[in-house]
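The structure appears below as structure tokens.
Below, each value reflects all heavy atoms present in this structure, side chains not excepted, and no hydrogens, waters or symmetry copies. None of these values were measured; they are calculated from a predicted model. First the proteins, then the strands, lettered A, B, ... as listed; each starts at 1.
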Amino acid sequence: MGSRKSKVGWYLLFTAPLLIIFTIVVIVPFLIGIYYAFFDWDGIAANPMEFVGLENFSTLFADDRFMQSMWLTVLFTVLSVVSVNVVGLAFALLVTSKLRTANLARTMLFMPYLIGGLILGYIWQFVFLDVFTLVGEVTGLESIFFNWLNNETFALFALVFVFTWQMAGYVMIVYIAGIQGIPGEVVEAAKIDGASNWQRLTRVTLPLLMPAFTISLFLTLSYGFKIYDVNLSLTGGGPANATELFAMNIYNEIFGYGNYGYGQAKAIMFFIIIAAITLTQVYITKKREVEM
Amino acid sequence: MLFNKKITAGLTVAAMLPVLAACGGGEEEEAAVEPGETITIFQTKVEISEQLEAAAETYEEETGVGVEVIGTTGDDYFQQLQIRLSNGTGPSIFSLQNATVAERLESYVYDLSGEEFTENIAPGMGLMLDDRLVGIPYGVEGFGIVYNKDLVDPEDIADYESFVSTLEEFNEQGINGYGLSQEAYFLIGHMSNYPFSLQEDPVEFMEQVTAGEVTLAETEEFQRFGEFMEAIRANTPSPLSVSYDQQVGDFVAGETAMIHQGNWSWALLEDFGVDFEVGLAPFPLEGNDKLAVGVGSNWAVNAEKEPEEIEAAIDFLEWLHTSEEGKRIIVEEFGFIPAMTNIEAEGLDPLSQAVLEASNSGETIPWSHNYYPANVVPNDFAPAAEEFFVNEDMTGDEFIENLDAAWQNAVE
């Protein structure tokens, strides 16, 4: 009996600091943010705050730039979730096969994730600007190799490309863990039963990888929606706002236009959308997980 | 059991202490210093950060008043300032870019009208809010076409026809005739200034545009400006992949004959080792033959501070603008073209010399962009200009219509 109570004390001891910090830097600002969303205010403490009720939320839906930004974000996220996971899974299958340089490859493929989005964006800006145009000139394939960042459509693809480059290595690690968790005897049994490589992949490996899919899809979905760093350093939202994604739109509303209250309303909407989509995704993929 | 509980409780409190202490730290520190003993400066011009720190040290030695210069990154200056002012760690002296910003920060700007040394400010150069003087100009700055004297004769760019044929000639020779760069102000901010400044009364004109009484698209200067922009787009490489540094670098390398820049670019030109003569010419919109000269930024005093600290801040500004050492710092260290009549400027670089001469003779057009709606250049004008440079089929007229829409969006 005594030991149980002291255990609770120990739990408290270790979680209390974290809880306090979490409350101060996440919960409290979040609640204050909701409060500000009902005001018309420019963010300068000395200037008046005018209560406008739900007006900020109703203007949201008539705001073309916000709607365009929402559509771009959805497009970006869908494209990147697909490409990141396909590439990540391919990498994982590659480095878990009997490849001689598997360990080296694993490290190399994970590297971009360590560099960080901001720097990666600047590096790729250089690649698109100088390397792409050079390759285009040399090979004559100027319809593919030109500066993607100056094209309103291709700039978004450039973002997807760089985001994939960054995240694929990360989800690869998740998939590797999943693949290594598949018991050898199951695969062995399938082999003896005469299953081909393809059948073993689609009928055994992939179904058993569902937990890894749940995590990877969740991560890429939420990262994709929230992306800001690569967006800022690679395109800066340009050309002509053609790549201004959600987070950047909110930042610009608050700090560019000085509409603090309206920007907060956008941020709340943003939170609700992300929460709804990612929770739905987790619910769906969870159901498809196979219990061993 | 009881014993255990006590220990846990004690440990929990102990674990929290550093957190609590960290929160309280800042206030204690501030309370220890008497107001007026030290002042803080937070300003926007990155180029003078080091020199300002040196000036602060000199001042501290002379008077015993501590001056702390807070580092700045330039780009997000206003946001940083806003955060500092809101959380009570605002500086005693800060920079105000223009009247629009002053209006937003109205409750923070101190009225400097009564101070004796401000009488030396060149006519019309002080930053006014209603009838109060709220900002002391850093200095005057000017921009126009910075050209390579080996390649360009100013007579060849004196009007639309000659300007365009010069661009076409350079295009044939494989030289970039006219370089802009991707940053909002260098892409469109300064350029858009001309059609506004050529109006009889630019500020009144802008008020009419805001009120919807007149549109840019129906104004002649803007229609001509659209034609200029078309000619620039047709005859030069896209500025969207060129940074400020590259723009100046290409100019120094002789790959660009003219760039649209101001006297501030001299520092960079010198860094890159420019080895030919450089001139500053007016942009020939509607035959314009005057440089655009104005004030880039202003010193302002924080009115929310203790009276002693305000007093100390004003003393520092007075020292900077009246003492021999202070005046020397402004001209030689900061490299400003003084906007004060009591400061002599000597040994200026060629671009600044051109600006000073224009400023003294009064042959200038104003900086209208100081009166634009807040942030309209990065928020709305830059995307419109990007769209214009990306879509080759967009006409100059359509571009001007987009600027109209951008303006209306900004004043909403």
Open item on the list: Report which part of A:D42 has an atom under 4.5 Å of a heavy atom belonging to chain B: side chain, backbone, both, or neither.
Closed with: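 For A:D42, the contact with chain B is made by backbone and side chain together.
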Task: B:F272 CZ: over 12 foreign heavy atoms closer than 6.0 Å - done: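 Enclosed.
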Task: Atom CG of A:D64: over 12 foreign heavy atoms under 6.0 Å - done: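 Counting other residues, nucleotides and ligands, CG of A:D64 stays at 12 neighbours or fewer.
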Open item on the list: Please output the residues of residues 387-397 of chain B in contact with chain A, using a heavy-atom cutoff of under 4.5 Å, in numerical order.
Closed with: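 Result: B:E387, B:V390, B:N391.
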Open item on the list: If you count heavy-atom pairs within less than 4.5 Å of chain A, which of B:L105, B:N409, B:L85, B:D380 leads?
Closed with: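 Max contact count across the listed options: B:D380.
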Task: Under 4.5 Å from any heavy atom of chain A - which part of B:S241 - done: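 Both backbone and side chain.
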Open item on the list: Tell me if the aromatic rings of A:F39 and A:Y36 count as close, with their centers under 6.0 Å from one another.
Closed with: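 Ring centroids of A:F39 and A:Y36 are no less than 6.0 Å from each other.
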For residues [X] and [Y], is any side-chain donor paired with an opposing acceptor at under 3.5 Å?
X      : Y      : value
B:S243 : B:D245 : no
B:Q97  : B:S297 : no
A:Y251 : A:E244 : no
A:N231 : A:T235 : yes

